[in-house]
Participant: 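Pasting a structure below so you can have a look.
Here is the naming used below: chain letters follow the sequence lines, and residue numbers restart at 1 for every chain. All heavy atoms count here, side chains included; hydrogens, waters and symmetry mates do not.
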Protein chains: 2
Amino acid sequence: MNIGEAAETTGVTPKMIRHYEQIGLIRAAGRTGSGYRIYGPKDLSTLSFIRRSRDLGFSIAQIRDLLALWQDRARASGDVKRIASAHIDEMKGKMRLLQEMVHTLEHLSAHCHGDDRPDCPILERLSTGRTEDGCC
Amino acid sequence: MNIGEAAETTGVTPKMIRHYEQIGLIRAAGRTGSGYRIYGPKDLSTLSFIRRSRDLGFSIAQIRDLLALWQDRARASGDVKRIASAHIDEMKGKMRLLQEMVHTLEHLSAHCHGDDRPDCPILERLSTGRTEDGCC
DNA sequence: CTTGACCTTGACATGATGGGAAGGTGCACG
DNA sequence: CGTGCACCTTCCCATCATGTCAAGGTCAAG
């Protein structure tokens, strides 16, 4: 199977497949006599695994670890769970930061009349670090 | 005022100040005879404005627009509000994606016993795209 | 006049991905 | 057999905001 077909099957672009090979996330694919990469069922499984991991937001570094565990029949599920938990915490941290920013900005936005007048509490806050009413 | 002092005052690193100058986000600073950049109160305001905008998660492109509006005395607050709203929507979108990933992963994690046994629903899901109980 | 803190520019890295150029390959159709 | 098109190859560059490092110039205090 050529790289394009493998890409379509797994949902990983050819570009990324080559990239993953280059950074050593996946083993170098076999080649035809003329240099085309060829992929078998095992390779497709790995690529799908990577794609599902990416869909869940895992970083390449984390996926590297997950792949190693996946291929290790003597693995401890605790190791997998630890990686997942760390990732969950990371994501929750990001959500908290976003939530704070959204909250602040929504408050400012609510106090901005949003018409043709130049007076604007959002800019006020950005330029002074304080709101007019000082309420947040 | 030198770049280091300006950086300390505004909370923008010297590196980023130079970068912002290079990409045209801020005007090129004045220079001493020996080539040192010099910053006045107006520059400091601008830098602080940028930093507060970054703290609220605005992109450089958005800040470029906000700065233009800030310096435009004939601005309409509606324009500012539109930028803020777009940004809020972006952030909410990101939060939603994170929330979905966290939700899925927490579910998988809850079903993973997390001990020394190799059996693991997280890896199961990553490799097959399905959970054992098929419940999500 | 030396030392150390600061400044300058420039190059390179991150992380995951996309775009594009330049050139080789495979296959179907005439 | 030739032509065209879709695909493949490698290599370079771009994103976005930020950091690191290196090599060299400047300033002020001792």
Participant: Could you please spell out the steps behind the side chain to side chain contact (heavy atoms under 4.5 Å, CB included) verdict for B/His111 and B/Arg125?
Facilitator: CA-CA 11 Å; B/His111 288 235; B/Arg125 159 64 181 265; over 6 Å; no
Participant: Do B/Glu21 and B/Arg37 have side chains that approach each other closer than 4.5 Å (heavy atoms only, starting at C-beta)?
Facilitator: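 Yes, their side chains come closer than 4.5 Å.
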Participant: Grab the CD-P distance between A/Glu5 and D/dA6 for me, whole Å please.
Facilitator: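 It is 17 Å, rounded to the nearest whole Å.
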Participant: The side chain of B/Asn2 lies closest to which of these nucleotides: C/dA16, C/dC7, D/dT9?
Facilitator: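 Output: C/dC7.
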Participant: Of all the choices, D/dT18, C/dT17, C/dC7, which nucleotide is nearest to the side chain of B/Arg54 once you look at every atom?
Facilitator: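 Shortest atom-to-atom distance from the side chain points to D/dT18.
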Participant: Taking only N/O atoms, report every protein-nucleotides 11-15 of chain D pair under 3.5 Å with atom names and distance.
Facilitator:
from   : atom 1 : to      : atom 2 : distance (Å)
D/dC11 : N4     : A/Lys15 : NZ     : 3.4

Participant: Write down the atom of A/Arg51, the atom of A/Gly11, and the distance for their closest heavy-atom approach.
Facilitator: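 Of all heavy-atom pairs spanning A/Arg51 and A/Gly11, the closest is CD-O, 3.1 Å.
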Participant: Rounded off to whole Å, could you give me the OH-to-C1' distance for the B/Tyr39 and C/dC7 pair?
Facilitator: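 Value for this atom pair: 11 Å.
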Participant: On DNA chain D, check which nucleotide each of B/Tyr36 and B/Ser59 is closest to and give me the residue with the more 5' one.
Facilitator: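 The residue mapped nearer the 5' terminus is B/Ser59.
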Participant: Between C/dT17 atom P and A/Glu21 atom CD, what is the distance in whole Å?
Facilitator: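 Whole-Å distance recorded here is 16 Å.
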Participant: Between D/dT26, C/dA16, C/dT9, which nucleotide has the shortest distance from any of its atoms to the side chain of B/Ser34?
Facilitator: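 Looking only at heavy atoms from C-beta outward on B/Ser34, the closest nucleotide is D/dT26.
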Participant: With side chain to side chain contact (heavy atoms under 4.5 Å, CB included) as the test, would you mind laying out the steps for B/Leu98 and A/Leu98 before giving the verdict?
Facilitator: CA-CA 10 Å; B/Leu98 284 169; A/Leu98 284 169; 3.9 Å; yes
Participant: Give me the atom names and distance for the closest heavy-atom approach of A/Leu126 to B/Arg52.
Facilitator: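 Taking every non-hydrogen atom into account, O-NH1, 2.9 Å.
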Participant: Would you kindly give the NE2-to-P distance between A/His19 and C/dT14, to the nearest whole Å?
Facilitator: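 Distance, rounded to whole Å: 10 Å.
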Participant: Would A/Met101 and B/Asp55 satisfy side chain to side chain contact (heavy atoms under 4.5 Å, CB included), going step by step from the backbone distance to the final call?
Facilitator: CA-CA 8 Å; A/Met101 295 190 288; B/Asp55 286 348; over 6 Å; no
Participant: How is B/Phe58 classified with respect to the nucleic acid when contacts are heavy atoms under 4.0 Å: base, sugar-phosphate, or nothing?
Facilitator: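 Nothing, no heavy atom under 4.0 Å.
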Participant: Could you give the CZ-to-C1' distance, from A/Arg18 to C/dG20, as a whole number of Å?
Facilitator: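 To the nearest whole Å, that distance equals 13 Å.
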Participant: If I take atom CE in residue A/Met1 and atom C1' in nucleotide C/dG26, what distance separates them, rounded to the nearest angstrom?
Facilitator: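 Nearest whole value for this atom pair: 17 Å.
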Participant: Could you tell me whether a side-chain N or O of B/His87 sits under 3.5 Å from a main-chain N or O of B/Leu56, the two making a donor and an acceptor?
Facilitator: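 Side chain of B/His87 to backbone of B/Leu56: a pair is present.
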Participant: Hey, which of B/Arg82, B/Arg75, B/Lys81 is the one that makes side-chain hydrogen bond (donor to acceptor under 3.5 Å, both in side chains) with B/Asp79?
Facilitator: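 For B/Asp79, the side-chain hydrogen bond (donor to acceptor under 3.5 Å, both in side chains) check succeeds only for B/Arg82.
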Participant: Tell me the interatomic distance from B/Ile17, atom CD1, to C/dC6, atom P, rounded to whole angstroms.
Facilitator: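 Rounding to the nearest Å, CD1 of B/Ile17 and P of C/dC6 are 14 Å apart.
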Participant: Compute the bend angle of the helix from C/dC1-D/dG30 to C/dG30-D/dC1 from the end axes (five pairs per end), rounded to 10°.
Facilitator: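 Both end axes considered, the difference amounts to 30°.
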Participant: Starting the side chain at C-beta, find the nucleotide from D/dG19, D/dC8, D/dT9 nearest to A/Arg37.
Facilitator: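 My answer, after comparing the listed nucleotides, is D/dT9.
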Participant: Rounding to a whole Å, what distance do you find between A/Gln22:CD and C/dT17:P?
Facilitator: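 The distance from CD of A/Gln22 to P of C/dT17 comes to 15 Å, rounded to the nearest Å.
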Participant: Can any side-chain N or O of A/Arg31 pair as donor or acceptor with the backbone N or O of A/Ile38 at less than 3.5 Å?
Facilitator: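 Not at all, since once roles are kept as given, no pair shorter than 3.5 Å links the two residues.
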Participant: Search all heavy atoms of B/Ile60 against all heavy atoms of B/Leu25 and return the closest pair with its distance.
Facilitator: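 Nearest heavy atoms, B/Ile60 then B/Leu25: O-CD1, 4.1 Å.
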Participant: Please determine if a side-chain N or O atom of B/Tyr20 lies less than 4.0 Å away from the OP1 or OP2 oxygen of D/dT18.
Facilitator: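 It does, given that an N or O in the side chain of B/Tyr20 lies less than 4.0 Å from OP1 or OP2 of D/dT18.
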Participant: Checking contacts here: which listed nucleotide (D/dT9, D/dG19, C/dA16) is nearest the side-chain heavy atoms of A/Arg31?
Facilitator: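 Among D/dT9, D/dG19, C/dA16, the one nearest the side chain of A/Arg31 is D/dT9.
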